[in-house]
Amino acid sequence: MTATATRVLVLNSGSSSLKYQLLDMHDTQSTSGSAAGRLAVGLVERIGEDTSRLVHTPLATGGAKRETEGAMADHDAALKAVAAELAADGLGLDSPQLAAIGHRVVHGGLKFTEPTVIDDAVLTEIERLVPVAPLHNPANITGIRTARALRPDLPQVAVFDTAFHTTMPEHAARYAIDVATADAHRIRRYGFHGTSHAYVSRKTAALLGKDPSEVNVIVLHLGNGASASAVAGGRCVDTSMGLTPLEGLVMGTRSGDIDPAVTFHLKRVAGMSEDEVDELLNKKSGLIGLCGDNDMREIRRRIDEGDAQAKLAFDIYIHRLKKYLGAYTAVLGRVDAVAFTAGVGENAAPVREAAIAGLAEMGMAVDADRNAVRSDEPRLISPEDSRVAVAVVPTDEELEIAQQTYALVSA
């Protein structure tokens, strides 16, 4: 890598989408602003359909957002379209300033505990993990293969959602099932959203003016997918998602925690197949299953109009959050901060207020005026004299992936 190569392209490949950001790491490290060094951002949607859409924003030039519609048959076509948009702004993939491409990979199992330069052996191992991440790893693999084909000379780095959670002790990671069966099929709690939990727990410590090693934080990553983590001194000691991203909190379309026997009951009594149960729990449950909406703004609007079903869905959502706050307070022993992040966590003041309400005995409280403030900056929403700091910390998973990627290739 040359001294002038300071840019990292971050790719997040979904089954039918491709999110991307191009960042200049020299600028992100020399300034404190969260948007510093962001040269371009974009999204390709509906890959594989005739109605594919690319939305590209060239931040480096201050240009207007550009939208392109038309069929993109696969991720190869999508990434080539992205490369063309970047080239139009003088930011092409052939630039000598591009140091590496960083890929979000959802599942790294126990083998990958840190960012890893991708070679054929690494890619083979990621493929071996497809059975425990069938919805995510195949799409991540497709993005990696496409990017490697376009720039075979450039370091490609995998940053794993599960890596941050590999510090969990065995008593937190193990399920209470037969050990031989669990080991044979790699059944354990892996956890997800790791880049977000790592970034937010570190930023929360900074907000308190402390080193991460001095702070115990409960991070609540609340988006359409939602997860909680207990972070002691910068290390994850427990997290709500498990073998898959289905376990834990109530989510937009996922049930979260449920009696496993429900699946047997549905097969016996309702005659549902395994695929039908899988679709029910992952795509037709959570908030959308409870009230028909998975947009928290719409749910709150319906509550304000007196909709009882929306109110019940909200109450179930909050009840689960409180259970995890209590459980992780017990796990940590001492809690210095609770950090809300992601789309709902950052923007839904009523969720934050309701989740913390009644927890004064645990040292947690929310100041109504502070909670009502909208900002893109990390901020405290608890009263000045609160024993536990309650914070809103906007997540930046792309920046975290870029930083980990750049640190690895620089070394």
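Sequence positions, counted from 1, serve as the residue numbers for this chain. Please read all numbers here as calculations on a predicted model, not as lab measurements.
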*Regarding Asp238 and Tyr324, is there a side-chain donor-to-acceptor distance under 3.5 Å anywhere?*
no

*asked:* For the CD atom on Glu384, are there more than 12 heavy atoms of other groups (residues, nucleotides or ligands in this structure) within a distance under 6.0 Å?
replied: no

*asked:* Other residues, nucleotides and ligands only: do more than 12 of their heavy atoms fall within 6.0 Å of CD on Glu45?
replied: yes

*Salt-bridge criterion met for Glu398 and Lys19 (N-O under 4.0 Å)*: no

*CG of Asp119: more than 12 outside heavy atoms within 6.0 angstrom?*
yes

*For atom CD of Glu274, decide whether the heavy atoms of other residues, nucleotides or ligands shown that lie under 6.0 angstrom number more than 12.*
no

*Taking C-beta and beyond as the side chain, do Thr166 and Phe112 meet within less than 4.5 Å on heavy atoms?*
no

_Residues Arg302, Asp304: salt bridge by 4.0 Å N-O rule_ = no

*Derivation and outcome, side-chain hydrogen bond (donor to acceptor under 3.5 Å, both in side chains), residues Thr142 and His75*: CA-CA 7 Å; Thr142 299; His75 282 72; 5.1 Å; no

*Output the distance between atom CZ (Arg7) and atom NE2 (His26), rounded to the nearest 0.5 Å.*
12.5 Å

_Treating Lys322 as the side-chain partner and Ala355 as the backbone partner, does any N or O pair qualify as donor plus acceptor under 3.5 Å?_
yes

*Is a salt bridge present between Glu170 and Arg174, judged by a nitrogen-to-oxygen distance below 4.0 Å?*
yes

_Chi angles and distances behind the salt bridge (charged side-chain N to carboxylate O under 4.0 Å, His left out) call for Asp396, Arg38_ = CA-CA 12 Å; Asp396 198 331; Arg38 223 173 293 272; 2.5 Å; yes

_Within the 4.5 Å heavy-atom criterion, are Val10 and Ile101 side-chain neighbours or not?_
no

*Is there a side-chain contact between Asn294 and Asn224, using heavy atoms and a 4.5 Å cut-off?*
yes

*NE2/His165 to OG/Ser229 distance, rounded to the nearest 0.5 angstrom?*
6.0 Å

*Checking Arg300 against Phe314: charged group under 6.0 Å from the ring centre and within 45 degrees of the axis?*
yes

*Compare all side-chain heavy atoms of Leu43 with those of Tyr20 and state whether any distance is below 4.5 angstrom.*
no

*Reference residue Phe340; test side-chain contact (heavy atoms from CB on, under 4.5 Å); the match among Ile218, Leu222, Asn347*: Leu222

_Tell me whether Ser386 contacts the main-chain N or O of Met364 through its side chain, where contact means a donor paired with an acceptor under 3.5 Å._
no

*Sidechain N-carboxylate O distance under 4.0 Å for Asp89, Arg66*: yes

*So with a 6.0 Å cut-off around CZ of Arg148, is the heavy-atom count from everything else above 12?*
yes

_Can you confirm whether or not the ring centre of Phe192 sits under 6.0 Å from the ring centre of His107?_
yes

*How long is the gap from CZ on Arg145 to CG on Leu150, to the nearest 0.5 Å?*
14.5 Å

*Main-chain N/O of Arg46 paired with Ser52 side-chain donor or acceptor, under 3.5 Å*: yes

*asked:* Looking at Asp307 and Lys311, is there a salt bridge between them, counting it only when a charged N and a carboxylate O are closer than 4.0 Å?
replied: no

_Thr263 vs Leu281 side-chain heavy atoms within contact, under 4.5 Å_ = yes

*Show your working on side-chain contact (heavy atoms from CB on, under 4.5 Å) between Val409 and Val8 and close with a plain yes or no.*
CA-CA 10 Å; Val409 299; Val8 173; 5.8 Å; no

